[in-house]
Amino acid sequence: MPEGPILVILKRAAEQFKGQKVTDADGDGKYIDAAILKGQTVTDFKTWGKHFLICFPEFAVQIHLMMFGSYRINDHSAKQARLHLEFANGELNFYACVIHLIDQPLDEVYDWSADVMSSHWDAAKAIQKMKEFPKLLVCDALMDQHLFAGVGNIIKNEVLFRTKIHPLSLVSSLPADKLKEMVAETVNYSFDFLKWKKQNTLSKHWQAYQQEICPRNHIPFHKKNTGKSHRTSYFCDACQVLYHG
Ligand SMILES: [Zn+2]
């Protein structure tokens with residue numbers, strides 16, 4: 001599943017179309033009638049967590065790549081795109097994504113301070129919000145898009161390994177410094193993810209995600225679906241501390 005840093009890469013790649021008029025638009029019609037985009041000028045591209053936003057003067061198109069979505073720029077696959085936008089200088093195509101039209105101001109729809117890749121990211125606010133949920137597990141907190149928009153399963157696993165926190169720890173049981181460290185490392189790792197993805201070396205840097213052996217203790221990782229999010233956690237009992245009660 002594309003996590004936040006991938007959306008930042010998409011945004012940068014799409015920026016060549018900012019200020020450009022959509023000369024033609026079509027799609028499979030599953031979510032929107034693409035014809036309404038024809039003749040519209042792109043005013044901006046934005047991201048919020050795993051959402052990609054194509055901004056037009058009166059509304060925005062929200063694209064969520066979900067588990068299997070993909071995009072192609074100045075290139076297309078043989079199958080019909082869910083959304084195909086043509087410009088004088090190229091084309092933008094999205095496949096297997098979910099699309100919504102947003103006609104409210106984006107600042108009313110999105111809390112930019114919850115996006116780990118945003119310059120508006122607010123660590124103190126994230127900590128404050130987590131305190132409202134005393135039974136929240138760290139593995140669920142990191143996957144919660146209202147708390148850490150953009151974080152997915154790769155970031156979750158790598159952050160918990162880096163900070164030596166067991167995924168089934170309770171947020172409320174973490175010492176204050178440890179909680180701060182987890183939040184700070186979530187942003188740090190997300191930017192490392194971005195850098196390594198651009199270098200095409202992301203998976204080479206995985207220390208826990210999809211790994212068999214803990215690189216610190218040289219013993220097998222546990223691989224389990226954890227928490228309400230039921231996503232796979234890779235963790236080591238020897239070096240990742242369970243904070244519980
Ligand atoms: Zn270990």
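Every number for a ligand or one of its atoms is a count from 1 in the order of the listing.
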For the residue pair Tyr110 and Trp112, does the interplanar ring angle fall in the parallel (under 30°), tilted (30 to 60°) or perpendicular (over 60°) class? tilted
Donor-acceptor list for residues 130-140 side chains, cut-off 3.5 Å, not counting sequence neighbours:
unit_1 : atom_1 : unit_2 : atom_2 : d
Asp140 : OD1    : Lys228 : N      : 3.0
Asp140 : OD1    : Ser229 : N      : 2.9
Asp140 : OD1    : Ser229 : OG     : 2.7
Asp140 : OD2    : Lys228 : N      : 2.9

Taking the six-membered ring of Tyr71, is NZ or CZ of Arg82 closer than 6.0 Å to its centre and within 45° of its axis? no
Near the Zn ion (ligand 1), which protein N/O/S atoms are found at less than 2.8 Å? Cys214 SG, Asn217 OD1, Cys236 SG, Cys239 SG
Is the backbone N or O of Ile54 less than 3.5 Å from a side-chain atom of Asp44, with the two atoms forming a donor-acceptor pair by type? no
Using the ring pair (Phe, Tyr, Trp, His ring centres under 6.0 Å) criterion, which residues pair with His205? Sequence neighbours excluded. Trp196
Sequence neighbours left out, what passes ring pair (Phe, Tyr, Trp, His ring centres under 6.0 Å) with Phe94? Give chain and number order. Phe52
